[in-house]
Amino acid sequence: MNADQNPLSSMFEMQRTYIEASHQAVTQSIEFQKEAAEAVIESFGPTASAQQDGVEMTRRAFHAAIDGMEPGLPADTTEELRSAVDDQYDALVEVHGETWESLEDTAEDAIEGYDELTETQTEMVDEMYEMMSQAMTDAESMSDGTTVPLSTDE
């Protein structure tokens, strides 16, 4: 019996289509996760920069506050306050930069490990779908459209 006469052909074709669509969906999901992780790392630079700008803005705000108090304070006091503020903010800026650098390095290492994991996962998924497809092909080739009796007790 040829494929056109096999009543199970449409079932096999529908299952094949489902398997292919499912394979594409899983593969795209893995790729999306990878791209999302990379996007997070790419956001580190702008985020660190924005935070750095905020730190500098608060430093300027402290300087403005000192400027506002200057007429009522001895001259040496305002310079000492400015120096103390600058020392603290310089230390904060240094720690801020080191922290973001460390965070980015750690995230990049994690992404490298994740990339290796997703590569392995993708290979396994591809193999699984290939086996499913082959099993479907084998089942279809064994099907000739004839019915098999469920019981031999007659």
Side-chain angles (χ1 to χ4, degrees), residues 1-66 81-154:
M1 185 178 264
N2 69 33
D4 292 335
Q5 297 173 335
N6 186 343
L8 299 176
S9 292
S10 61
M11 178 198 69
F12 285 115
E13 187 58 36
M14 185 172 52
Q15 287 178 334
R16 187 175 293 106
T17 301
Y18 172 78
I19 288 170
E20 289 170 7
S22 176
H23 183 206
Q24 288 177 347
V26 169
T27 301
Q28 288 173 348
S29 173
I30 292 169
E31 186 61 29
F32 173 76
Q33 292 171 14
K34 182 179 174 183
E35 290 173 5
E38 291 169 356
V40 168
I41 288 182
E42 290 174 7
S43 74
F44 284 178
T47 302
S49 178
Q51 284 187 346
Q52 179 67 32
D53 291 346
V55 168
E56 291 301 328
M57 187 173 65
T58 58
R59 181 196 304 240
R60 288 189 303 271
F62 270 106
H63 278 279
I66 293 169
L81 282 172
R82 279 191 185 91
S83 179
V85 166
D86 285 339
D87 289 346
Q88 293 300 312
Y89 274 92
D90 289 344
L92 177 60
V93 166
E94 184 178 337
V95 168
H96 181 268
E98 291 171 357
T99 301
W100 274 102
E101 186 177 321
S102 176
L103 179 62
E104 191 169 355
D105 289 345
T106 301
E108 286 174 353
D109 290 345
I111 292 297
E112 285 177 23
Y114 182 76
D115 285 348
E116 291 173 13
L117 175 67
T118 56
E119 185 177 322
T120 301
Q121 183 181 16
T122 300
E123 289 171 4
M124 291 173 63
V125 165
D126 289 346
E127 289 174 14
M128 179 188 73
Y129 279 102
E130 181 60 35
M131 288 187 322
M132 288 172 53
S133 180
Q134 185 59 50
M136 180 69 60
T137 300
D138 293 347
E140 186 175 18
S141 69
M142 290 189 299
S143 161
D144 64 1
T146 59
T147 57
V148 177
L150 296 176
S151 170
T152 56
D153 295 342
E154 291 185 25

(request) Indicate yes or no: at least one non-hydrogen side-chain atom of Trp100 is less than 4.5 angstrom from one of Thr47. (result) yes
(message) Can you tell whether the side chains of Asp87 and Arg82 come within less than 4.0 Å, N to carboxylate O?
(response) no
(message) Determine whether Thr27 and Asp126 satisfy the following criterion, side chain to side chain contact (heavy atoms under 4.5 Å, CB included), listing intermediate values before the conclusion.
(response) CA-CA 8 Å; Thr27 301; Asp126 289 346; 4.1 Å; yes
(message) Can you tell me how far apart OG1 (Thr118) and CD (Glu31) are? Round to the nearest 0.5 Å.
(response) 7.5 Å
(message) With heavy-atom distances below 4.5 Å as the criterion, would you say the side chains of His23 and Met132 are in contact?
(response) no
(request) Spell out, as yes or no, whether a donor-acceptor pair under 3.5 Å connects the side chain of Ser102 to the backbone of Glu98. (result) no
(message) Rounded at 0.5 Å granularity, tell me how far CD1 in Ile30 sits from CE in Met124.
(response) 10.0 Å
(request) Quick one: pull up CE in Met11 and CE in Met136 and give me the separation to the nearest 0.5 Å. (result) 7.0 Å
(message) Checking the side chain of Thr17 only, and the main-chain atoms of Glu13 only, is there a donor and an acceptor separated by less than 3.5 Å?
(response) yes
(message) Could you check whether any side-chain N or O of Ser133 sits under 3.5 Å from a backbone N or O of Tyr129, counting only pairs where one atom can act as donor and the other as acceptor?
(response) no
(message) Given 3.5 Å as the limit, does a donor-acceptor pair link the side chain of Ser49 with the main chain of Gly45, or not?
(response) no
(request) Evaluate the side-chain proximity of Arg59 to Asp90: yes if any heavy-atom separation is below 4.5 Å, no if none is. (result) yes
(request) Please round to the nearest 0.5 Å and tell me the distance separating atom OG of Ser22 and atom CE of Met128. (result) 6.5 Å
(message) Testing the basics here: between Ile111 and Ala37, what is the closest heavy-atom pair and its distance to 0.1 Å?
(response) CD1-CB, 3.1 Å
(message) Between Ser141 and Asp138 (side chain of the first, backbone of the second, donor and acceptor by atom type, cut-off under 3.5 Å), is there such a pair?
(response) yes
